[in-house]
Amino acid sequence: MSFPILTATAVLPALGAIATAAVPAGKRNASKWLALLVSLGTLVLAAIVLVRFEPGGDRYQLTESHAWIADFGVRYELGVDGIGVVMVALTALLIPFVILAGWHDADPLETKSSRWRPTQGFFALILMVEAMVILSFEATDVFLFYILFEAMLIPMYFLIGGFGDRAHAGTDENAAAQRSYAAVKFLLYNLAGGLIMLAAVIGLYVVAGSFSLSEIAQARASGELEMATNTERLLFLGFFFAFAIKAPLWPLHTWLPNAMGEATAPVAVLITAVVDKVGTFAMLRFCLQLFPEASKWATPAILVLALVSIVYGALLAVGQRDIKRLIAYASVSHFGFIIMGIFAMTSQGQSGATLYMVNHGLSTAALMLVAGFLISRRGSRLIADYGGVQKVAPVLAGTFLIGGLATLSLPGLAPFVSEFLVLVGTFAAYPVVGIVATVGIVLAALYVLVLYQRTMTGPVNPEVRKMPDLRARELAVVTPLIALLLFLGVFPKPLTEIIDPAVEHTMSDVQKQDPRPDVEAAK
């Protein structure tokens, strides 16, 4: 039997989480270094998976299959396609930066608290989230995926509620209550979606007699499995509702600004750049593959919701006074683009949407982490409390600008390529939707440039006059992210070569072909 490399990519951070949590209370630095080393080891394993994956080979590769709950037909089945493998790589890539950026975020405020080990718990929870997210990108058994989809909520709940942002901890008496509210709202929203999905998972088993994605797809292709139209639509809605909350899609997005605002900056990156991608990924892997006819039936309504997310999220970002909530609403807008690309049902749209998942993860991580460094220096998340930062901390201001320009999809930076593909693919099938979506691009330029102008330019605010520039550890976090944004902005081919064959399989699942251009009309 070949080495189970996919299992190893999840087992290593899971074991690392246990080991990190077990580090003695007085060895905080040891727990940090252990967590970082484990995350780097996971990155190496993910790189091996990426190298061993053959874009022109079988749809699912490096597969593993073992009996789990035999009486109910549940198996431990793993496999990665081109979409899954890049998401595994993205997750493994971002976690070391999350750990480095949060190096001091969970240090006890009082050195006397020797019995409580918040630092160990913080980094152990991050590694546990990494393990669950990676395994969810690899799972090809629907029930296994559902277990992971729900289980990752628990460590995220504690990361949001137990290790909140300290920017206002010393001045706001309601800080703990706000963190608790954000964590509970995150948990309840996602649990509600998960319960509805559970009903759909059970319904799928009743209809198909299996939880195996490959078995169900094969039975549908051969005609052995036929779903009644109403049954398929109901099952689709059960799955999509849970994924739309996780994504998040308007109007199910309201938990995100609270969670990102109250969490530390690294945990906010974990939410929007890693965990939320499970929702959009699952739309491609499960909704389109299991319920192709229902996916096409729901497309017009989903495109409208995606458009609302794009414009609504951008408008609310423009009006924000809180830096982190601005980035959160910007992410709502970006997820609208991703979902629009998925349900445009064109190869350009779905390739762009998958690439957007990767590029959004990189750009949001760069912008949010630099924002976190900025907030930790000033002790405030309010835009009005800044001004003139570029004069006292030019490197911080420069990296903040690059992260912001990537967020608004400036040509030459990675998100531009993916956003362009999404718009081209959408316009080819739904011209009106593509035209309206461009409003989000204009608004993105507005909220990013206004944010930079109000925080970094103008007279120097007295409170930021002595603000230090980025330190070596912080530069080690930001520099690789910016380098990747520049590299993928001019040369996205390494990713598109992996993604495109997987998108062809998805297009085949829904029996869609790219619309041909109207040459006569163009003349």
Side-chain angles (χ1 to χ4, degrees), residues 53 55 57-63 65 73 75 77-88 135-146 148-149 197 200-229 231-244 246-247 277-299 302 338-339 341-347 349-351 353-354 357 498-513:
F53 183 83
D58 296 337
R59 180 171 190 175
Y60 293 109
Q61 300 179 31
L62 306 175
T63 56
S65 182
R75 298 185 63 82
E77 285 192 348
L78 305 180
V80 286
D81 59 358
I83 299 170
V85 76
V86 297
M87 298 311 300
V88 169
L135 205 56
S136 69
F137 289 138
E138 298 170 346
T140 56
D141 182 277
V142 178
F143 190 82
L144 174 61
F145 173 83
Y146 170 78
L148 297 164
F149 186 82
M197 181 182 168
V201 169
I202 295 171
L204 177 66
Y205 181 73
V206 171
V207 173
S210 174
F211 290 114
S212 172
L213 188 63
S214 57
E215 289 181 5
I216 296 172
Q218 185 177 359
R220 296 210 68 171
S222 63
E224 297 177 7
L225 173 61
E226 294 184 3
M227 293 187 192
T229 300
T231 300
E232 181 175 342
R233 290 177 180 179
L234 286 173
L235 294 177
F236 167 85
L237 291 174
F239 277 79
F240 180 80
F241 182 77
F243 302 153
K246 184 85 78 178
K277 297 301 190 302
V278 176
T280 48
F281 165 81
M283 291 178 188
L284 281 164
R285 170 163 286 188
F286 296 102
C287 285
L288 270 59
Q289 188 171 348
L290 293 174
F291 316 111
E293 294 303 321
S295 297
K296 290 186 284 188
W297 162 75
T299 288
I302 294 173
I338 293 171
I339 295 170
I342 292 171
F343 284 91
M345 301 292 185
T346 61
S347 59
Q350 291 186 359
S351 293
T354 305
M357 285 190 262
I498 298 173
I499 293 168
D500 287 348
V503 168
E504 291 178 7
H505 286 295
T506 305
M507 291 287 290
S508 177
D509 291 334
V510 293
Q511 298 180 350
K512 294 284 288 186
Q513 294 182 347

Note to self: A side-chain contact here means heavy atoms from C-beta on lying under 4.5 Å apart; do Val85 and Gln61 qualify?
What the structure shows: no

Check: Heavy-atom distance under 4.5 Å between the side chains of Thr140 and Thr63, does that happen here?
Finding: no

Next item on the list: Quick one: do Phe211 and Val201 satisfy side-chain contact (heavy atoms from CB on, under 4.5 Å)? Show the steps, please.
Entry: CA-CA 8 Å; Phe211 290 114; Val201 169; 3.5 Å; yes

Checklist line | Those residues that, when tested against Glu215, pass salt bridge (charged side-chain N to carboxylate O under 4.0 Å, His left out) (two or more places apart) | finding: none

Check: Parallel, tilted or perpendicular for Phe291 and Phe239, by the 30°/60° rule?
Finding: tilted

Checklist line | Side-chain touch Lys246/Phe149, heavy atoms, less than 4.5 angstrom | finding: yes

Next item on the list: Decide yes or no for Phe241 and Met197: does some side-chain heavy atom of the first lie under 4.5 Å from some side-chain heavy atom of the second?
Entry: no

Notebook entry, point to check: Who passes salt bridge (charged side-chain N to carboxylate O under 4.0 Å, His left out) against Asp509, sequence neighbours left out?
Noted result: Arg59

Check: In terms of ring plane angle, is the pair Tyr146 and Phe143 parallel, tilted or perpendicular, where the classes change at 30° and 60°?
Finding: tilted

Next item on the list: Begin from the C-alpha positions of Ile338 and Met357 and carry the test side-chain contact (heavy atoms from CB on, under 4.5 Å) through to its verdict.
Entry: CA-CA 7 Å; Ile338 293 171; Met357 285 190 262; 3.9 Å; yes

Margin query: Between Ser212 and Ser210, is there a side-chain donor-acceptor contact under 3.5 Å, judged purely by atom types and distance?
Written below: no

Note to self: Can you classify the ring geometry of Phe286 versus Phe243 as parallel (below 30°), tilted (30 to 60°) or perpendicular (above 60°)?
What the structure shows: tilted

Next item on the list: Give the intermediate values and the outcome of side-chain contact (heavy atoms from CB on, under 4.5 Å) for residues Leu225 and Val207.
Entry: CA-CA 8 Å; Leu225 173 61; Val207 173; 4.1 Å; yes

Notebook entry, point to check: Counting distance only, does the side-chain N/O of Ser136 pair as donor-acceptor with the main-chain N or O of Leu148 below 3.5 Å?
Noted result: no

Margin query: For a side-chain contact (heavy atoms from CB on, under 4.5 Å) check, start with the C-alpha distance between Leu135 and Leu78, then their side-chain angles and the critical distance, and finish with the verdict.
Written below: CA-CA 8 Å; Leu135 205 56; Leu78 305 180; 3.9 Å; yes

Margin query: Using side-chain heavy atoms (C-beta onward) and a distance below 4.5 Å, is Gln350 in contact with Met345?
Written below: yes

Notebook entry, point to check: Taking all atoms of both residues into account, what is the closest heavy-atom pair of Gly82 and Ile499, and its distance?
Noted result: O-CG1, 4.4 Å

Note to self: Tell me whether Glu293 contacts the main-chain N or O of Glu232 through its side chain, where contact means a donor paired with an acceptor under 3.5 Å.
What the structure shows: no

Check: Just wondering, do Ile302 and Ile342 contact through their side chains at under 4.5 Å, heavy atoms?
Finding: no

